Each structure stands twice: as C-alpha cells, then as structure tokens.
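Values in this document were obtained by computation on a predicted structure and should not be read as measured data.
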Amino acid sequence: MARLGISVYPEHSTEEKDMEYIRKAGRLGYKRIFTCFLSVEGKNREEVMGRFRRLADEAHACGMEIIPDVSPAVFSRLGISYEDLSIFQEMHVDGIRLDEGFDGMKESLMTYNPHGLKVELNASTKLAYVENIMDHHPDRDKLVTCHNFYPQKYTGLSLKHFNACNDKMKSLGLKVAAFVSCNAPGAYGPWPVNEGLCTLEMHRGLPVDFQVRHLFATGSVDDVLIANAYATDEELNACAALNPSLLTFGIQREKELTQTESQILDYELKHVVRGDMGEYMIRSSGPRVTFADRSIPAANTRDLKRGDVVILNEGYPKYKGELQVVTKDMPNDGRKNVIGHLPEHEHVLLDYAKPWTVFTFRTL
C-alpha cells in the first residue's frame, strides 16, 4: 500500500509548530517525514543532534518514520564517515537520503550499517549510478529511492523521464518515493526559492490531491511526500481520504443530479472499466443492472468532449444507467446525459484506465 508523508524544515520554523504539524499528519495516517540537513548551516554537531532527535521521537510516537537529506558535504561539515553512521542512530532517525552520491561501494557498505538505517538514493538522475551501487551487492532490504523536488519553475521532471526512472528502479526491485507540492499561502521549503516543490513540472500549481492521485495512478510510486510546509488542514485531509489503489478522477458537475444519477456517480459497488475497452469512452456497465428499474430522463445532452462524464438516459433502454467517461470527442444524439467533466489537468488520468481498472470520482 502506498504511503503519504510530509516535510518539516526546523531551521525555518519553530519546534512547537513542527510538532503540531507532525501530530496532525500522524492522526490522519501519514507515515513518513522528509527533512533536510543540507540547508542547516552554522550549527554544531550537538545542536543538530538535539533538534532532530526530538523531531524523530515525535515522529515515532505518531507512527511515522523520518529520513533526512544529506550529502558528502554534510558528512564533511559534521565530521561523519560513511563507515560510521552512529550520529544518525543517535538522532533516532530511520535512515538518510543521499542527495549526492559517493562511489557505489560506499553506498553499498552503508546499507550494512549496524543501526538498521535505510539508505535512500536519488531516483531522478544518473540511473547508471544506481546500477553501479547494485553491482556492489548492497543489502536490498535497506536500500530505497526518492526523487528530487524542484523549487524553480520549469525545472521539474518531465513525465517521460519520471516514468523511465521509475521503470529502472522497479526493475532493480527498489521502492520509489516522489514529492508533491501544497498550495498553502506562505508554504516554504529548505531554500529561498519557493515556486512550488514538486517532482513533476506538470504538477506545479495544481491541487495537491490531484498530484497525489496522479502519482498513485502511475502504479510505480510507493510513497508520496508533500514537500513544502505547512499544508493546510483541507489539503492534508483531502490527500488522506484517497485510496491509493483506486484510480480517482476529479469531476466538476455540470447539472443538478437526480438521486439516481448521484447514486450512479458514487456507485457503491465500484466502477470497473469494461474488459472490451474501446477508443471513444471508458464504460462502467454495472450501474445499468443495479438501476435498471429507475427512471433517468434526458437532460444536458450536448455534444461530447474528452473528459466528459455521462450517464445513458432512458432513450437507451438496454443501456440506461451505464456511466461513461469520454476519451475522444463525439456527437450526442440526445441519449447521454452529461453530468460533469474532468478539468483539463485531470485528463492525464484517462491514460491509466485499462481494461478491468477499478475507478471512482472525487467531486471538485
């Protein structure tokens, strides 16, 4: 089951606010915390250890794991050797994310640390680097990967590159995490540039629950972390309410739905893409059986565009009650009620609907 996570940046906030945020996320079922050593400057070893130990203890009390971002420069600044990761065990963190790498052998040896710490690799670049580590026979149970986030507009990953990276990580048997960005006013990350902190450029500025739904839909992401702090209560709740296993479309309604149309949209038995999937639409035929005896008068029967959600009305006696999501523009002869549509950014989710995919809707 995919997990959700949050991020905290102690040097930019207060311990009290970070603790409150961790508790709130923990109550909602979030399981991971990302934090960053890279931006912690001018602090001695004891100060850093104390600050992060308290965060880690609170995370664990709330059922969450915490993994900070580090690099060779951080190792040098804090006097850490790859052969001795005891400082991280003393901080009570669960692992370390290597924003930059060493030479392959060092990373492999780190996975055999006696403290049980996970080693998280950068999943966004240098695929040969990850293969090199695998060639040095690491402890695979302690090795995971996580993509970068990108504070600067237009610098995030393309979906094509993201998919290629994930395909490689999965072929190596490694778990993958990625970042999404909340849109809360004043949300920040570790650096002065704060134009959103997403992994995928196409996600920048879009609702965070959509970003999460998209990453879940890919089927290649194990953990999704909100990269900037602090997400609003509404954003945290919206993401926590999602089922990672369900392809979930966001729908904007176009008409006041009848009771039957509402029940079909929120079909309790779950919508399933027919196995004989066609070119023009995604079909969910179950409701036409469940609601066969219901009246569905014709209403809002305009021509159909990609992303429209329709229910067949009683002009189609055999198919009345079937729900369809349009994937290709076509005319409407008056027998299909357009109950709503997917906003443009939601259309990418149509690509993940395959024969027998189970899906549902979230009203926007």
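Between the Ser285 side chain and the Glu322 main chain, no donor and acceptor come within less than 3.5 Å of each other. In terms of modelled atom types and a separation under 3.5 Å, the side chain of Asn228 and the main chain of Cys182 share a donor-acceptor contact. In this structure a side-chain-to-backbone donor-acceptor pair under 3.5 Å is present from Asp329 to Arg306. Distance alone, capped at 3.5 Å, places no donor-acceptor pair between the Ser7 side chain and the Thr35 backbone. Proximity of a side-chain donor or acceptor of Asn332 to a complementary backbone N or O of Leu304 within less than 3.5 Å is not detected. Within the 3.5 Å criterion, the main-chain N or O of Gly189 finds a donor-acceptor partner in the side chain of Asn194. A distance-only check finds no donor-acceptor pair linking the side chain of Arg294 to the backbone of Gln259 [under 3.5 Å]. In this structure, the side chain of Asp94 does not engage the main chain of Ile67 through any donor-acceptor pair within 3.5 Å. At least one donor-acceptor pair closer than 3.5 Å links the side chain of Asn337 to the backbone N or O of Ala299. Without hydrogens or angle criteria, Arg97 side chain to Cys146 main chain gives a donor-acceptor distance under 3.5 Å.
The structure places CG of Asp69 at 10.0 Å from CD1 of Ile96, a figure rounded to the nearest 0.5 Å. Thr199 OG1 to Tyr150 OH: the interatomic distance, rounded to the nearest 0.5 Å, is 7.0 Å.
Across every non-hydrogen atom of Val325 and Leu342, the tightest pair is CG1-CD1, 4.2 Å. The shortest non-hydrogen separation linking His203 to Cys198 is CB-CB, 4.2 Å. When every heavy atom of Ala292 is checked against every heavy atom of Lys320, the shortest pair comes out as O-NZ, 2.9 Å. Here the closest non-hydrogen pair linking Asn313 and Gly334 is ND2-O, 3.1 Å. Across Ser295 and Glu314, no two heavy atoms sit closer than the pair OG-OE1, 2.9 Å. Taking each heavy atom of Gln252 and Pro343 in turn, the nearest pair found is CD-CG, 3.6 Å.
Asp222 pairs in a salt bridge (charged side-chain N to carboxylate O under 4.0 Å, His left out) with only one of the listed residues (Lys175, Lys170, Arg3), which is Lys170.
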Determine, stepwise, if the pair Lys305 / Asp308 fulfils salt bridge (charged side-chain N to carboxylate O under 4.0 Å, His left out). CA-CA 6 Å; Lys305 302 292 184 182; Asp308 286 341; over 6 Å; no
Evaluation steps, side-chain hydrogen bond (donor to acceptor under 3.5 Å, both in side chains), between Ser13 and Tyr21: CA-CA 11 Å; Ser13 187; Tyr21 190 51; over 6 Å; no
CA sep, side-chain torsions, deciding dist, call: Leu159, Val348, side chain to side chain contact (heavy atoms under 4.5 Å, CB included): CA-CA 10 Å; Leu159 183 58; Val348 66; 4.3 Å; yes
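Applying the side chain to side chain donor-acceptor pair (under 3.5 Å) test to pairs two or more places apart or on separate chains, those with a residue in residues 114-124 are Arg32-Glu120, Glu65-Lys118, Asn122-Asn148, Ser124-His147. Screening residues 144-169 for salt bridge (Lys or Arg N to Asp or Glu O under 4.0 Å), with sequence neighbours left out, gives Glu131-Lys168.
Between the side chains of Thr258 and Thr260, no donor N or O sits under 3.5 Å from an acceptor N or O. For Tyr9 and Asp18, the side-chain atoms include no donor-acceptor pair closer than 3.5 Å.
Considering only heavy atoms from C-beta on, Met134 stays 4.5 Å or farther from Asn132 through its side chain. Inter-residue side-chain proximity for Leu117 and Val119 is flagged as unmet; no heavy-atom pair is nearer than 4.5 Å. Side chains of Leu225 and Phe149 form no contact here, defined as non-hydrogen atoms less than 4.5 Å apart. Looking at heavy atoms from C-beta onward, Glu107 lies in side-chain contact with Tyr129 at the 4.5 angstrom threshold.
Every residue two or more places apart in sequence or in another chain that forms a ring pair (Phe, Tyr, Trp, His ring centres under 6.0 Å) with Tyr267 is listed here: His271. Partners of Lys328 according to the salt bridge (charged side-chain N to carboxylate O under 4.0 Å, His left out) rule, which considers only residues two or more places apart in sequence or in another chain, are Glu279. The ring pair (Phe, Tyr, Trp, His ring centres under 6.0 Å) check on Tyr316 picks up Tyr319, with sequence neighbours excluded. Judged as a ring pair (Phe, Tyr, Trp, His ring centres under 6.0 Å), and not counting sequence neighbours, the contacts of Tyr352 are His214. For Glu346, the salt bridge (charged side-chain N to carboxylate O under 4.0 Å, His left out) partners at least two apart in sequence or on another chain are Arg213. A search for ring pair (Phe, Tyr, Trp, His ring centres under 6.0 Å) contacts involving Tyr30 returns nothing, not counting sequence neighbours. Partners of Arg23 according to the salt bridge (charged side-chain N to carboxylate O under 4.0 Å, His left out) rule, which considers only residues two or more places apart in sequence or in another chain, are Glu58.
The hydrophobic side chain of Val289 is isolated, with no ILVMFWY side chain under 4.5 Å apart from it.
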With a cut-off of 3.5 Å and sequence neighbours excluded, list every side-chain donor-acceptor pair involving residues 236-244.
residue, atom, partner, partner atom, Å
Asn237, ND2, Asp233, O, 3.0
Asn243, OD1, Ser245, N, 2.9

Distance-only check: which donor-acceptor pairs under 3.5 Å involve side-chain atoms of residues 355-362, not counting sequence neighbours?
residue, atom, partner, partner atom, Å
Thr357, OG1, Lys354, N, 2.9
Thr357, OG1, Lys354, O, 2.8
Arg362, NE, Asp209, OD2, 3.1

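Between Glu195 and Arg204, none of the side-chain N atoms (NZ, or NE/NH1/NH2) sits under 4.0 Å from a carboxylate O, so this pair counts as no salt bridge.
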